[in-house]
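Below, each value reflects all heavy atoms present in this structure, side chains not excepted, and no hydrogens, waters or symmetry copies.
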Amino acid sequence: MGVSPHLKRAYELARQNRPHPNPRVGAVVVSEGGRVLGEGAHVGPGEPHAEMIALDAAGDARGSTVFVSLEPCTHHGRTPPCVDRLIAESVSRVVVGALDPDPRVSGSGAARLAESGIEVDIVDDPEATEVDPAYFHHRTTGMPLVTLKWAMTLDGSVAAADGTSRGITGDAARREVHELRSQMDAVVVGAGTLRTDDPRLDVRLDGYDGPQPRPVIIAGKERLPEDAQVWDRNPLVITHHDRELPAGELAGAQGEDNRPDPVDACRLLADRGYLDVLVEGGPTLASAWWRAGVVSRGVVYVGAKVGGGIGQSPLAGLFATMTEADEVEFDTVRSVSDDAVITFRKKG
């Protein structure tokens, strides 16, 4: 028997918002006769949870079934526990896509509902986890879910010998990058990329009015350009050197060899509620974060171009032998206009 379309709708609702550090959650209240009474999705910290919104919309929810993408909470935060409201509304059944990995919940929500006489169905659906993989990753590891992105020529260069990199891919691929950014809490580059490319690290799509990712600069002791565009966007600069900034926020991290430690930088980002993190480069930063083991996923845009010589590789440096190479799993390989995109995840 397949997953209920009402639970699928809860997933769809959950995906509409980016409430980190809280989880994406959607809920649907359905009458005994199968009529949808109310829907809701959590927007962000301090805002009503999805179940509360759906129950408010439903009005009288007695005897109903509530479909929710993630286990209802039992703890008091900025809002009261959802299980208390579900019990008070005398719903008859709650269908849960996945148990909450947060140790403050972790099965207690389902248990409280069952103890009150409400029928609880834990679907344990893999799609429920994929609604918000960064949340599940953070609650089980304490770290953000880091995605590494780069664009390269067919023969593997992210830039020519003179450092130029614009134009590797076409307009369609570049639009996809902005769509990818729109799903992220933070976009990270190194100081070298800031100096060379002067990126804004924002989402620029026609009609887009959603939240912008926080720009993050990983910096050593070198001077940062005072006229960079990103200063207008209140960037977070992570470094282990004292320095003055034209704007933005300075955050100290442990480090050596003139670079902040990637693990410490990731913990710092997670502590600030940035759970979905996109690393856009350049090769020095990408290599450091990959070798530190903090990268879980990758998106590679392959332009329909061949440099035909020695350019810059996506990750700086050499590895000594093939046994040092990390194994990955390809998720998708597809065309984007004249270019191609490969998504992958690191095994283990």
Side-chain angles (χ1 to χ4, degrees), residues 1-45 47-58 60-140 145 275:
M1 186 174 178
V3 174
S4 165
H6 297 306
L7 190 56
K8 294 279 191 181
R9 174 58 179 164
Y11 299 161
E12 182 182 346
L13 291 165
R15 288 188 174 102
Q16 292 176 359
N17 298 314
R18 199 176 72 204
H20 293 159
N22 290 1
R24 291 183 172 107
V25 184
V28 179
V29 181
V30 180
S31 72
E32 292 181 87
R35 183 168 60 92
V36 174
L37 302 176
E39 297 182 339
H42 182 46
V43 175
E47 298 296 326
H49 288 190
E51 300 95 318
M52 303 292 197
I53 298 171
L55 289 168
D56 285 345
D60 184 359
R62 284 176 296 178
S64 67
T65 296
V66 179
F67 295 84
V68 60
S69 60
L70 188 70
E71 179 184 13
C73 66
T74 55
H75 59 284
H76 285 268
R78 299 187 192 178
T79 56
C82 294
V83 292
D84 291 353
R85 176 72 183 277
L86 290 164
I87 293 168
E89 292 283 350
S90 299
V91 305
S92 64
R93 181 172 175 241
V94 176
V95 180
V96 177
L99 292 176
D100 192 335
D102 191 314
R104 295 173 297 177
V105 185
S106 194
S108 64
R112 280 272 305 281
L113 292 170
E115 289 166 3
S116 73
I118 296 173
E119 180 185 350
V120 180
D121 183 4
I122 308 298
V123 179
D124 196 21
D125 181 14
E127 187 180 352
T129 304
E130 285 304 311
V131 166
D132 196 355
Y135 174 79
F136 279 83
H137 182 83
H138 175 257
R139 291 305 193 270
T140 54
L145 182 66
L275 308 188

Please report the closest heavy-atom contact between Gly63 and Ser92, naming both atoms and the distance. O-OG, 3.0 Å
Side-chain contact test, heavy atoms from C-beta onward, threshold under 4.5 Å: evaluate it for Val131 versus Arg15 and give yes or no. yes
Using 0.5 Å steps for rounding, measure from the CD atom of Glu47 to the CE atom of Met52. 13.0 Å
Should the pair Arg9-Glu39 be classified as a salt bridge under the 4.0 Å nitrogen-to-oxygen rule? yes
Do Glu127 and Val3 have side-chain heavy atoms sitting under 4.5 Å apart? no
Closest heavy-atom contact between Ala27 and Leu13? O-CD1, 3.7 Å
If we ignore hydrogens and angles and just use 3.5 Å, is the side chain of His42 paired with the main-chain N or O of Pro48 as donor and acceptor? yes
Let me confirm one number: the CG-OG distance from Leu55 to Ser64, rounded to the nearest 0.5 Å. 7.0 Å
Does the side chain of Asp121 reach to within under 4.5 Å of the side chain of Phe67, using non-hydrogen atoms? no
side-chain contact (heavy atoms from CB on, under 4.5 Å) test vs Val28 passes for just one of Leu7, Val36, Thr65, namely Val36
If you compare all heavy atoms of Ala134 against all heavy atoms of Leu275, which two are closest, and at what distance to 0.1 Å? CB-O, 3.5 Å
Examine the side chains of His20 and Asp132 and answer whether a donor and an acceptor come within less than 3.5 Å of each other. yes
Over all atoms of both residues, closest heavy-atom pair of Ser69 and Ala14: OG-CB, 4.1 Å
From CD (Glu89) to CG (Asp56), nearest 0.5 Å: 8.0 Å
With side chains defined as the heavy atoms from C-beta onward, is the minimum distance between Pro19 and Arg24 less than 4.5 Å? yes
How many angstroms lie between atom CG of Asp102 and atom CZ of Arg104, to the nearest 0.5 angstrom? 4.0 Å
Hey, could you give me the CZ/CD distance between Arg112 and Glu71, rounded to the nearest 0.5 Å? 11.0 Å
Separation between CG (Asn17) and CG (Asn22), nearest 0.5 Å, reads 11.5 Å
Note: Leu113 and Leu86 closest approach over all heavy atoms is CD2-CB, 4.0 Å
Can you name the nearest heavy-atom pair linking Gly40 to Ala50, along with the distance? O-CB, 3.6 Å
Would you say that Val96 contacts Pro72 through its side chain, given a criterion of any heavy-atom pair below 4.5 Å between the two side chains? yes
pair Tyr135-Pro101: side-chain heavy atoms closer than 4.5 Å: yes
